[in-house]
Amino acid sequence: MKIFEVETKRGVVLYGCLYGENFNDTCVIITNGNGGNIFDNKFLQIVGEELEKNNISFVYAHNSGAFHRIDPPTAKGKPTGNTYELFDDCLEDLQSYIDWAKERGYKYIILGGHSYGANKVVYYLSQNQNENIDKYILISPVDTSRLKDHEKSSAEELMPIAIKYKTENRLDDLLPIPFDNYNLYTTQAFLDFIENANSKNLPVYKNDGNWEQLKSINQIGLFVMGKKDGFAFGDVLNHLNTISKNTFHQNGIVSVIENCGHTFKGKEKELAQTILDFVN
C-alpha cells in the first residue's frame, strides 16, 4: 500500500491509500464516512488487498471529514477532520481523486463511499453527470435525516448554543459539548451537518429529503450492507431495495452480507468478493 497526496481547489491536502500501484486498467475509489479512516475501517484494507490480487487498483480516498480532528493545520493553514467538515466540500474532495486517476491513465474508474461517504458519492455524481465514471458503490448507506433524528436529544441540546455562537459570529469556535457524546464540532460544521439539504439524498425513512440526486445518476450501482447494520433499523433488505428502486434504472445490484454490521467485522472477505464480482 502506498500513501499519496491530492490537493483540492480550496487548498486542502488529502491523503489517499493506493493498492495496486502498477496497474492502469481499473481503479476503484472509495471514500470514508463520518470521521472514517483507513485505520478504523480495516475492512477496506482487506478490500484493497483482494482487488490488488486481481490486478485492480484500489484507493481509500480520505476526504476532508476523515478522522475526527487533525490539528495543527495542514501546510495550507487549514485544519481538517470531522470537527470542521462541510458536506458540500465533498465535491472538490472527490474531484481531486478523480483527476488523479485520470492523470494516471486508468481506463475505468469506479467511485464508492462508505456510510456518510455514500451520500457524498450520490451528491458528487448528481453534480458531475458528464464525468467518466463507469459504476458506483454505496457501502452501508445511511438516511442522514433518520440518523440525525436518532440523535435528536443531542442536537436539541447543542442547537441553542450553536445559534447563539452564530449570532456572535463564532462560526469557527468549537461547541462545548460533543455531539451524541462522540463528535466535537465547530459551530459551522454542526449546523451544516444538521441542516444541509444536499446530504439528505437517501431518504429511506424520512420525508425531509428527496431522491432526485440518486435518480439523476445514469451509472449502475452496487448497494451492499451487513445484515446486522443498525442504520437499517431491522430490515436491511428493504433498506437497500428502497434505494435501488429509486435509481435511474431501478435495477441496482443489492447485496446483504450475513452476520456482520456497519463495518463488516469478520466478513471482510465476503464484502471484498462482492465488490470484486461487481467490478468484473
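Predicted model only: the values in this text are computed from it and were never measured.
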Please check if Tyr15 and Met1 belong to a single hydrophobic cluster, counting links between Ile, Leu, Val, Met, Phe, Trp and Tyr side chain heavy atoms closer than 4.5 Å.
yes
pair Leu14-Tyr97: side-chain heavy atoms closer than 4.5 Å:
yes
Hey, does Ser115 have a side-chain heavy atom less than 4.5 Å from the side chain of Asn34?
no
Do Leu44 and Ile3 share a hydrophobic cluster, counting only Ile, Leu, Val, Met, Phe, Trp and Tyr and linking them when any side-chain heavy atoms are less than 4.5 Å apart?
yes
Minimum heavy-atom separation for Asn132 and Ile109, please, with both atom names.
O-CB, 4.2 Å
Heavy-atom donor-acceptor pair, His114 side chain to His262 backbone, under 3.5 Å:
yes
Is there a donor-acceptor contact under 3.5 Å from the side chain of Tyr84 to the main chain of Ala189?
no
Atom CD1 of residue position Ile177 - does it have more than 12 heavy atoms of other residues, nucleotides or ligands inside 6.0 Å?
yes
Full working for side chain to side chain contact (heavy atoms under 4.5 Å, CB included) between Phe58 and Phe23:
CA-CA 10 Å; Phe58 172 78; Phe23 310 136; over 6 Å; no
Contact check, side chains of Leu271 and Glu268, non-hydrogen atoms, under 4.5 Å:
no
Should Lys120 and Asp89 be marked as a salt bridge (charged side-chain N to carboxylate O under 4.0 Å, His left out) after you check the CA-CA gap, both sets of side-chain angles, and the distance that decides it?
CA-CA 9 Å; Lys120 297 172 185 177; Asp89 286 344; over 6 Å; no
For Asn238 and Thr242 the tightest heavy-atom approach is O-OG1, 2.7 Å
Give a yes or no on whether the backbone of Asp192 and the side-chain of Asn196 come within a donor-acceptor separation of less than 3.5 Å.
no
Distance-only, no hydrogens or angles: does the Asn37 side chain make a donor-acceptor pair with backbone N or O of Ala66 under 3.5 Å?
no
Take Tyr136 and Phe278 through the test side chain to side chain contact (heavy atoms under 4.5 Å, CB included) and record every step on the way to the result.
CA-CA 10 Å; Tyr136 68 105; Phe278 177 71; over 6 Å; no
Stepwise side chain to side chain contact (heavy atoms under 4.5 Å, CB included) test for Phe190 and Ile161
CA-CA 11 Å; Phe190 170 74; Ile161 303 172; over 6 Å; no
Under 3.5 Å, side chain of Gln219 to main-chain N/O of Lys135, donor-acceptor pair present?
no
Is any side-chain heavy atom of Gln127 closer than 4.5 Å to a side-chain heavy atom of Gln95?
no
Contact summary for Asn246 and Lys215, nearest pair of heavy atoms:
O-CG, 3.0 Å
Report, as yes or no, whether the 6.0 Å neighbourhood of atom NZ on Lys102 holds more than 12 heavy atoms from other residues, nucleotides or ligands.
yes
May I ask you to decide if Glu7's main-chain N or O and Ser96's side chain share a donor-acceptor pair within less than 3.5 Å?
no
So how far is it from Ser64 OG to Phe87 CZ, rounded to the nearest 0.5 Å?
10.5 Å
As a quick check of understanding, evaluate side chain to side chain contact (heavy atoms under 4.5 Å, CB included) for Leu184 and Leu175, giving each step before the final call.
CA-CA 7 Å; Leu184 275 174; Leu175 296 175; 5.9 Å; no
Give, for atom NZ of Lys200 and atom OH of Tyr123, the distance between the pair rounded to the nearest 0.5 Å.
14.0 Å
Among Leu174, Asn82, Thr80, find the one that has a side chain to side chain contact (heavy atoms under 4.5 Å, CB included) with Arg69.
Leu174
Between the side chains of Asp277 and Gln273, is a donor N or O closer than 3.5 angstrom to an acceptor N or O?
yes
Any donor-acceptor N/O pair, Thr187 side chain to Arg170 backbone, under 3.5 Å:
yes
Same apolar cluster (I L V M F W Y, side chains within < 4.5 Å links), Leu125/Phe248:
no
Keeping the roles fixed (side chain from Gln250, backbone from Thr247), state whether a donor-acceptor pair exists under 3.5 Å.
no
Would you kindly confirm whether Leu86 and Leu91 end up in one hydrophobic cluster when ILVMFWY residues are joined by side chain heavy atoms under 4.5 Å apart?
no
For the pair Glu5 (side chain) and Val13 (backbone), establish whether a donor and an acceptor sit closer than 3.5 Å, ignoring hydrogens and angles.
no
Surrounding CG of Asn280 (heavy atoms of other residues, nucleotides or ligands, distance under 6.0 Å), is the total greater than 12?
yes
When rounded to the nearest 0.5 Å, the distance separating CG of Asn54 from CG of Leu276 is 4.5 Å
Could you tell me the separation between the OG1 atom of Thr8 and the CG atom of Leu94, rounded to the nearest 0.5 Å?
11.0 Å
Counting C-beta onward and ignoring hydrogens, is there a side-chain heavy-atom pair between Pro176 and Tyr165 closer than 4.5 Å?
yes
Testing the basics here: between Asp134 and Tyr108, what is the closest heavy-atom pair and its distance to 0.1 Å?
OD2-CA, 3.2 Å
Please name the pair of heavy atoms, one in Lys228 and one in Asn259, separated by the smallest distance, quoted to 0.1 Å.
CE-CA, 4.0 Å
Tightest non-hydrogen contact, residues Ser57 and Gly20, listed as OG-O, 2.6 Å
Please answer: with hydrophobic residues joined when any side-chain heavy atoms are less than 4.5 Å apart, are Ile56 and Ile46 in the same cluster?
no
Is the distance from the ring center of Tyr205 to that of His239 below 6.0 Å?
yes
In Å and rounded to the nearest 0.5 Å, what is the NZ to OG1 distance from Lys269 to Thr274?
14.0 Å
List the residues meeting salt bridge (charged side-chain N to carboxylate O under 4.0 Å, His left out) with Glu270, not counting sequence neighbours, and say none if there are none.
Lys267
Are the side chains of Leu202 and Thr144 in touch, meaning some heavy atoms are under 4.5 Å apart?
no
Residues pairing under side chain to side chain donor-acceptor pair (under 3.5 Å) where one sits in residues 17-33, two or more places apart or in two chains, turn out to be Lys2-Glu21, Thr31-Asn63, Asn32-Asn63
Distance alone, cut at 3.5 Å: any donor-acceptor contact between the side chains of Gln45 and Tyr60?
no
Distance check, rounded to the nearest 0.5 Å: Glu156 atom CD versus Ile194 atom CD1?
10.0 Å
Kindly assign one of parallel, tilted or perpendicular to the pair Tyr185 and Phe193, based on the angle between their ring planes and the thresholds 30° and 60°.
parallel
I'd like to know if the side chain of Asp143 and the backbone of Ser145 have a donor-acceptor N/O pair within less than 3.5 Å.
yes
Are side-chain heavy atoms of Asp235 and Phe233 found at a separation under 4.5 Å?
no
Side-chain touch Val204/Trp211, heavy atoms, less than 4.5 angstrom
yes
Taking the six-membered ring for Trp, are His62 and Phe67 closer than 6.0 Å centroid to centroid?
yes
